[in-house]
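All values derive from a computational prediction rather than experimental measurement.
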Amino acid sequence: MTIPAPIISRPLAIEKDWIDYNGHLNMAYYNVLFDRGTDEAFTMMGVDANYTRERHLSVYTAEVHVCYVRELHLHDTVMVSFQLIDHDDKRLRTYQEIRHVDGWLAATSETLSLHVDMDGPKVAPFPADVMAKLEAVRATHAALPTPERAGRSIGIKRKSA
């Protein structure tokens with residue numbers, strides 16, 4: 001398996017129903033775009049809808065931190081990157097960027113996801129075959145720099161008097 005670093009989605013179009021009363025992409029749909037990019041990466045790693053259907057295992061989102069950098073509008077086309085920053089036997093930490101096809105950054109997302117046994121549902125270890133794929137992706141992505149926006153927290157910076 002050839003592993004891109006980072007994994008880049010196919011071009012994704014902004015849909016008409018996603019535009020809000022301000023004339024730009026509603027904040028919720030940035031997450032839809034991130035999710036579609038994740039789906040493409042997960043398919044490559046073998047944790048897609050077939051995985052859930054056949055093995056009764058899935059990946060759930062536990063925490064997300066999105067930064068909205070630049071507005072998107074109807075008729076914009078974007079691509080979503082996916083970088084596996086870290087993982088253990090039950091969790092994934094990923095970083096994504098939505099970039100306009102012209103190259104500019106629209107948004108970033110950092111996510112903590114849990115591997116889940118759907119029969120519980122309960123958090124469960126990845127099977128050995130999936131873990132091997134995750135380790136291969138992580139090894140390839142380890143050569144990428146740590147994203148500047150990864151690990152951020154939300155707060156209000158105060159100026160000292």
Under-4.0 Å salt bridge between Arg36 and Asp39: no

Leu84 side chain reached by Leu92 side chain, heavy atoms, under 4.5 Å: yes

Transitive ILVMFWY side-chain link Ile8 to Phe34, under 4.5 Å: no

Under 3.5 Å donor-acceptor, Asp88 side chain and Lys90 backbone: yes

Min side-chain heavy-atom separation Val66-Val64 under 4.5 Å: yes

Residues forming a ring pair (Phe, Tyr, Trp, His ring centres under 6.0 Å) with Phe126, sequence neighbours excluded: His115

Working for side chain to side chain contact (heavy atoms under 4.5 Å, CB included), residues Met131 and His87: CA-CA 9 Å; Met131 183 59 80; His87 76 284; 3.6 Å; yes

Heavy-atom pair of closest approach, residues Tyr60 and Met118: OH-SD, 3.4 Å

Min side-chain heavy-atom separation Thr111-Arg93 under 4.5 Å: no

From OG1 (Thr38) to CG (Asp48), nearest 0.5 Å: 13.0 Å

Same apolar cluster: Val137 and Leu144, side chain cutoff 4.5 Å: no

Note, His73 side chain near Ile14 side chain (heavy atom, < 4.5 Å): no

Any donor-acceptor pair under 3.5 Å from Ser81 side chain to Ile7 backbone: no

Worked verdict on Leu105 versus Arg149 for side chain to side chain contact (heavy atoms under 4.5 Å, CB included): CA-CA 12 Å; Leu105 181 65; Arg149 291 179 179 267; 4.3 Å; yes

Donor-acceptor pair between Glu63 and His65 side chains, under 3.5 angstrom: no

Qualifying residue, where the test is side-chain contact (heavy atoms from CB on, under 4.5 Å) with Thr108 and the options are Tyr95, Tyr68, Tyr30: Tyr95

Reported CD1-to-CE distance for the pair Ile3 and Met45, which is rounded to 0.5 angstrom: 9.5 Å

Side-chain H-bond candidate by donor/acceptor type, Glu110 with Thr94, under 3.5 Å: no

Heavy-atom side-chain proximity of Val116 to Leu57 below 4.5 angstrom: no

Residues Asp119, Arg55: salt bridge by 4.0 Å N-O rule: no

Side-chain heavy-atom pair Leu72, Tyr29 within 4.5 angstrom cut-off: no

Interatomic distance, His24 atom NE2 to Asn26 atom CG [nearest 0.5 angstrom]: 7.5 Å

Minimum heavy-atom distance Phe82-Pro6, with the two atoms named: O-CB, 3.3 Å

Distance (rounded to the nearest 0.5 Å) between Cys67 SG and Ile154 CD1: 8.0 Å

Expected output: side-chain His141 to main-chain Pro4 donor-acceptor under 3.5 Å: yes

Which atom of Tyr51 lies closest to which atom of Ser58, heavy atoms considered: CE2-N, 4.1 Å

Non-neighbouring partners of Arg10 that pass salt bridge (charged side-chain N to carboxylate O under 4.0 Å, His left out), sequence neighbours left out: Glu40

Leu12 CG to Leu33 CG distance, which is reported to the nearest 0.5 Å: 6.0 Å

Verify same cluster id: Val101, Val80 (apolar side-chain graph, 4.5 Å): no

Pairwise side-chain contact, Val78 with Arg99, heavy-atom cut-off 4.5 Å (strictly under): no

Interatomic distance, Leu74 atom CG to Asp17 atom CG [nearest 0.5 angstrom]: 10.0 Å

Flag side-chain contact, heavy atom, 4.5 Å: Leu114 against Val59: no

Single-linkage hydrophobic cluster, 4.5 Å side-chain cutoff, Trp104 and Met79 together: no

Considering all heavy atoms, the nearest Gly46-Lys133 contact: CA-NZ, 4.1 Å

Heavy-atom closest contact (Val130 atom, Val47 atom, distance): CG1-CG1, 3.6 Å

Heavy-atom pair with the smallest gap, counting every atom of Leu25 and Ile19: N-CD1, 3.9 Å

